[in-house]
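These numbers come from the heavy atoms of this one structure, side chains and all, not from hydrogens, waters or symmetry mates.
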Amino acid sequence: MASFRDTGLSAEFLSDTHSALVDYFDDTPTDIQRAAIPRMLARENIILGSETGSGKTLAYTLPL
């Protein structure tokens, strides 16, 4: 997945927040976000572990 548009997040959500994601994160999900977001959207149970600043918080909250 090359951008947040490829994550499976809803088009409505992305239309409202995409510019903010691009402004702050260059539209490129981190490794942890690429791994987590599709699984969260599929309603899988997951546990994430990664270093500080890797994007875990967004990986958990964007699918919500």
Is it the case that atom CD1 in I47 sees more than 12 heavy atoms from other parts of the structure closer than 6.0 Å?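 No, CD1 of I47 has 12 or fewer neighbouring heavy atoms, counting only those of other groups under 6.0 Å.
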
Minimum heavy-atom separation for K56 and E51, please, with both atom names.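 Taking every non-hydrogen atom into account, NZ-O, 3.0 Å.
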
side-chain hydrogen bond (donor to acceptor under 3.5 Å, both in side chains) involving S50 - partner list, sequence neighbours excluded: S54

Suppose we screen for side-chain contact (heavy atoms from CB on, under 4.5 Å). Which residues come up paired with R34, at least two apart in sequence or across chains? M1, T28, P29, D31

Mind checking whether L62 and I37 have side chains closer than 4.5 Å, heavy atoms only?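 Yes. Closest side-chain heavy atoms under 4.5 Å.
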
Would you check if L58 and Q33 make a side-chain contact, meaning some heavy-atom pair closer than 4.5 Å? yes

Among I46, N45, L48, which residue satisfies the side-chain contact (heavy atoms from CB on, under 4.5 Å) criterion with R39? I46

